Amino acid sequence: MTPSAPTASPRPPEPAPDLPVLYRDGMMLIIDKPHGLPVHAGPKGGETLADHLDALRFGLPRAPELAHRLDKDTSGCLVLGRHAKALALLGKLFANGSVGKTYVAVTQGAPAEDAGRIDQPLAKRSPHRGWWMQAVPKGTPGAQEAITDYRVLHRAGGFAVMALSPVTGRTHQLRAHLSNLGHPIFGDAIYGGASRLPGGPTLHLHSRRIVVPLKANGPAVAASAPLPPHICETLSSLGLSPDEIGRAADAVEWDAKIPGAKRP
């Protein structure tokens, strides 16, 4: 019996060259978002991630959608759901704290302790700029619980390299928490005093690793995004190896390293 010829199928569009795909299955994509690319349109318009999502269909009838968010100037791992059922599941996983997240940040100094937990509520700084946040005392009306675990990976030349894990997912949580400690993220024009003029340092915050327990009875999906060029350049100037920093961040076991930091 002669086998029938395979049916030709349309070739899916190629992903944008600046949106590398770190992981793909039938439920989700994990991409490496570049710094400077907003995920949502702002009042000034301009290019956004939405302009590229159709190129990430990979044969499905609809473009993927965001399962969570990253700030415009934060780079790294970003999860996209490929259909409605996947988005609903991913939404629950992010909402209940089941997704493991590790960020790498270059900061201006660091706490004396090499590991710890920041448990400090956040509230809007101004009703006119709802996405600007500030740390406030517990019990402040309108404040949201905000918890960040940290690990100092290196201290060098007045700077530090920190691995960060947001237990909660508040707007600008990592940036506001570190600024409140007196150790803002290098290049932060809102919370760290960096110049907002062109040519100044870029925010040194990167979503390095994400772990998604997509299947209840199977291993979690883990992906790591390489450190972007501006962070690599800074690390090299401090005498540090970007590859070694990435591996050290990936190796952090948050519950084991932070006393009392049992996750939900």
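A quick note: this is a predicted structure, and the numbers were derived from the prediction, not measured.
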### Query
Is the number of heavy atoms from other residues, nucleotides or ligands under 6.0 Å of R69 CZ greater than 12?
no
### Among H204, H206, K33, the one residue meeting side chain to side chain contact (heavy atoms under 4.5 Å, CB included) with P228
H206
### S207 side-chain N/O to G76 backbone N/O, donor-acceptor pair under 3.5 Å
no
### Query
Are any non-hydrogen side-chain atoms of V104 and V161 less than 4.5 angstrom apart?
yes
### Query
Judged by atom type as modelled, is there a donor-acceptor pair below 3.5 Å linking the side chain of S179 to the main-chain atoms of A176?
no
#### Entry: Working for side-chain hydrogen bond (donor to acceptor under 3.5 Å, both in side chains), residues D243 and S241
CA-CA 5 Å; D243 289 340; S241 163; 5.1 Å; no
### Message
I'd like to check L66 versus H40 (side-chain heavy atoms, cut-off strictly below 4.5 Å). Are they in contact?
### Response
yes
### Message
With heavy-atom distances below 4.5 Å as the criterion, would you say the side chains of L90 and V99 are in contact?
### Response
no
### Separation between OH of Y191 and CG of L178, rounded to the nearest 0.5 Å
12.0 Å
### Query
Is a side-chain donor-acceptor pair under 3.5 Å present for H230 with T202?
no
#### Entry: Nearest-0.5 Å distance, CZ of residue R175 to CE of residue M133
12.0 Å
### Query
Given side chains that start at C-beta, do those of H177 and H172 come closer than 4.5 Å, heavy atoms only?
no
### Gap between atom CZ of R62 and atom CZ of R82 - 0.5 Å precision
11.5 Å
### Message
Within the structure provided, determine whether L29 and F58 are in side-chain contact (heavy-atom separation under 4.5 Å).
### Response
yes
### Task
Report the C-alpha distance between F94 and V79 in whole Å, list the side-chain angles of each, state the deciding distance to 0.1 Å, and finish with yes or no for side chain to side chain contact (heavy atoms under 4.5 Å, CB included).
CA-CA 10 Å; F94 276 99; V79 178; 4.0 Å; yes
